[in-house]
Q: 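Right, I'll just put the structure down here and ask away after.
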Amino acid sequence: MKKLLTLDWDIIAGIAAAVLAIVLHLLHIADVDVLLTIVLVLLAVLLFRDLRREWHDDRVAESMQRVQAGLQDVQQAVHLPEATLIGPRQLRSESRRFTQSACGEMIWFNVCFMMFRTQEVFDLLLRPALENPLVTSIQFISSDTEKELWEQHMRPRIDACPGGEKVAPPQWRQLPQTISFILADIEPRGAATERTTEALLSFWGDPFMSRVVGKQAPRYIFRIHGHSDLVSQFVEIERQHRLSDT
């Protein structure tokens, strides 16, 4: 029944009437006047059908305009958050998701290498970035106090990991223990979405950090979204320290 309702009965009736008129004419049952009458009726039916469809298309176009206007009002009313707080339960999954969706050059600024002293944490945080084919290079800008940890925990694991050649030699600087962030372009999920630069931000000290074996490890981090002004601030911080000599 549903298939029958979807059929275009106007066209079917017109074709049937035309075929019947031709058959009657060939059999010399109907004269020319009858055929002309049938043709005029068919033309009238087709004209009425086109007018009805045009009216329906206009109604659909008006409805679409109202829907688009409503969506624009909703988008203007909804303010997307500039940052999302990530707690201990989502910390690992969100960090992994960030590195797996990153592309281009990744900047790891003032990251504590003590976190990577276990293979588990290395495989969770850094290995996805190394194995991500969209990540072309990884640059660490680190405190010069982290050199020993780099030699002990980081460089051997990076050299043994596929994609380790992406990691450039760290740039050692005198960095204050205030903030740490990972900066990267994020590959969009939808084709219509453009790439945006985002960051994972963590703060030194309680309550955002917890002390582990005399060092600090993130307990809470912030995911800074691409439309936030903080992203440009991080880009400027990274640029200043990269170009500085100390």
Side-chain angles (χ1 to χ4, degrees), residues 70-116 118 120-143 166-167 175-212 215-242:
L71 287 176
Q72 291 178 354
D73 293 339
V74 171
Q75 291 176 350
Q76 293 176 357
V78 175
H79 298 283
L80 297 177
E82 295 188 5
T84 302
L85 178 63
I86 301 171
R89 293 184 178 181
Q90 296 82 28
L91 185 61
R92 293 190 174 188
S93 61
E94 287 296 327
S95 299
R96 189 179 186 90
R97 186 179 297 113
F98 182 87
T99 53
Q100 288 178 335
S101 59
C103 58
E105 182 185 34
M106 291 188 72
I107 303 297
W108 296 60
F109 182 87
N110 203 21
V111 177
C112 178
F113 294 150
M114 179 59 72
M115 294 188 302
F116 297 96
T118 64
E120 180 184 2
V121 176
F122 180 88
D123 293 340
L124 179 68
L125 299 180
L126 188 55
R127 182 182 289 271
L130 296 175
E131 297 179 346
N132 184 351
L134 297 179
V135 174
T136 57
S137 63
I138 298 175
Q139 178 65 66
F140 288 91
I141 300 177
S142 304
S143 173
K166 299 178 184 179
V167 181
L175 302 178
Q177 290 188 350
T178 53
I179 63 170
S180 171
F181 59 82
I182 304 173
L183 194 66
D185 290 340
I186 300 300
E187 182 70 12
R189 296 181 179 178
T193 307
E194 297 180 354
R195 288 183 178 182
T196 58
T197 303
E198 298 189 6
L200 290 183
L201 169 67
S202 57
F203 292 92
W204 295 86
D206 291 331
F208 298 99
M209 289 280 187
S210 61
R211 290 194 173 273
V212 180
K215 296 290 182 179
Q216 300 198 76
R219 181 188 293 140
Y220 294 93
I221 62 175
F222 290 90
R223 179 155 185 171
I224 310 301
H225 301 289
H227 60 277
S228 173
D229 293 337
L230 285 174
V231 173
S232 60
Q233 299 273 355
F234 295 152
V235 172
E236 181 63 20
I237 291 174
E238 176 268 328
R239 188 186 68 84
Q240 291 178 356
H241 283 85
R242 178 179 290 197

Q: Can you check whether Arg223 reaches Ile186 side chain to side chain, under 4.5 Å on heavy atoms?
A: yes

Q: Does Leu230 reach the side chain of Phe222, with side-chain heavy atoms less than 4.5 Å apart?
A: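 Result no, sub-4.5 Å side-chain heavy-atom pair not found.
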
Q: Under the 3.5 angstrom rule, does the side chain of Thr197 hit a backbone N or O of Leu183 as a donor-acceptor pair?
A: no

Q: Classify the angle between the aromatic ring planes of Phe181 and Phe234 as parallel (below 30°), tilted (30 to 60°) or perpendicular (above 60°).
A: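 Aromatic pair Phe181/Phe234 classed parallel.
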
Q: What I want to find out is whether Arg92 reaches Glu120 closely enough, with some N-O distance under 4.0 Å, to be called a salt bridge.
A: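 Between Glu120 and Arg92 there is a salt bridge, with a charged N closer than 4.0 Å to a carboxylate O.
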
Q: Counting N and O atoms only, with roles assigned by atom type, does the side chain of Ser228 sit under 3.5 Å from a partner on the main chain of His225, one being a donor and the other an acceptor?
A: no

Q: Phe203 vs Thr178, test: side-chain contact (heavy atoms from CB on, under 4.5 Å). Steps then yes/no.
A: CA-CA 6 Å; Phe203 292 92; Thr178 53; over 6 Å; no

Q: Identify, with sequence neighbours excluded, every residue that meets side-chain hydrogen bond (donor to acceptor under 3.5 Å, both in side chains) alongside Arg127.
A: Asp123, Glu131

Q: Ignoring hydrogens and geometry, is there a side-chain-to-backbone donor-acceptor pair from Asn110 to Ile179 under 3.5 Å?
A: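 Looks like yes, one N/O pair under 3.5 Å.
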
Q: Is the shortest heavy-atom distance from the side chain of Ser142 to the side chain of Phe113 under 4.5 Å?
A: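 When only atoms from C-beta onward are counted, Phe113 and Ser142 do touch, with a gap below 4.5 Å.
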
Q: Nearest 0.5 angstrom please: Glu238 CD to Gln233 CD, how far?
A: 13.5 Å

Q: For Cys103, is there any backbone N or O sitting under 3.5 Å from a side-chain donor or acceptor partner on Asn132?
A: no

Q: Which atoms form the tightest heavy-atom contact between Trp108 and Ala129, and what is the distance?
A: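 In terms of heavy atoms, the two residues are closest at CZ2-CB, 4.5 Å.
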
Q: Does any donor atom in the side chain of Thr196 or His227 lie under 3.5 Å from an acceptor atom in the other side chain?
A: no

Q: Just so I know, are the side chains of Met106 and Ile182 near enough to count as touching, which here means a heavy-atom distance under 4.5 Å?
A: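 The answer is yes; the side chains approach within 4.5 Å.
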
Q: Does the plane of the ring in Phe122 sit parallel, tilted or perpendicular to the ring in Phe116? Use 30° and 60° as the thresholds.
A: perpendicular

Q: Would you indicate whether the side-chain heavy atoms of Glu198 and Val231 approach each other to under 4.5 Å?
A: no

Q: Once you round to the nearest 0.5 Å, how far does CD of Gln100 lie from OG of Ser95?
A: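 Going from the CD atom of Gln100 to the OG atom of Ser95 covers 11.0 Å.
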
Q: Looking only at non-hydrogen atoms, find the nearest pair between Leu175 and His241 and report the distance.
A: CD2-CD2, 3.1 Å

Q: Compare all side-chain heavy atoms of Tyr220 with those of Pro88 and state whether any distance is below 4.5 angstrom.
A: yes

Q: Would a distance-only check, ignoring hydrogens and angles, find a side-chain to backbone donor-acceptor pair under 3.5 Å from Lys166 to Thr136?
A: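 No; zero donor-acceptor contacts below 3.5 Å.
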
Q: So how far is it from Ser202 OG to Leu91 CG, rounded to the nearest 0.5 Å?
A: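 That separation rounds to 9.0 Å.
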
Q: Between CD1 of Ile138 and OG1 of Thr99, what distance do you get to the nearest 0.5 Å?
A: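 Taking CD1 in Ile138 and OG1 in Thr99, the distance rounds to 9.0 Å.
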
Q: In Å, rounded to the nearest 0.5 Å, how long is the span from OG of Ser101 to CZ of Arg195?
A: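 It comes to 11.0 Å.
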
Q: Once rounded to the nearest 0.5 Å, what's the spacing between atom CD1 of Ile221 and atom CG of Leu200?
A: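 Taking CD1 in Ile221 and CG in Leu200, the distance rounds to 4.5 Å.
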
Q: Is any side-chain heavy atom of Arg242 less than 4.5 Å from a side-chain heavy atom of Ile141?
A: yes

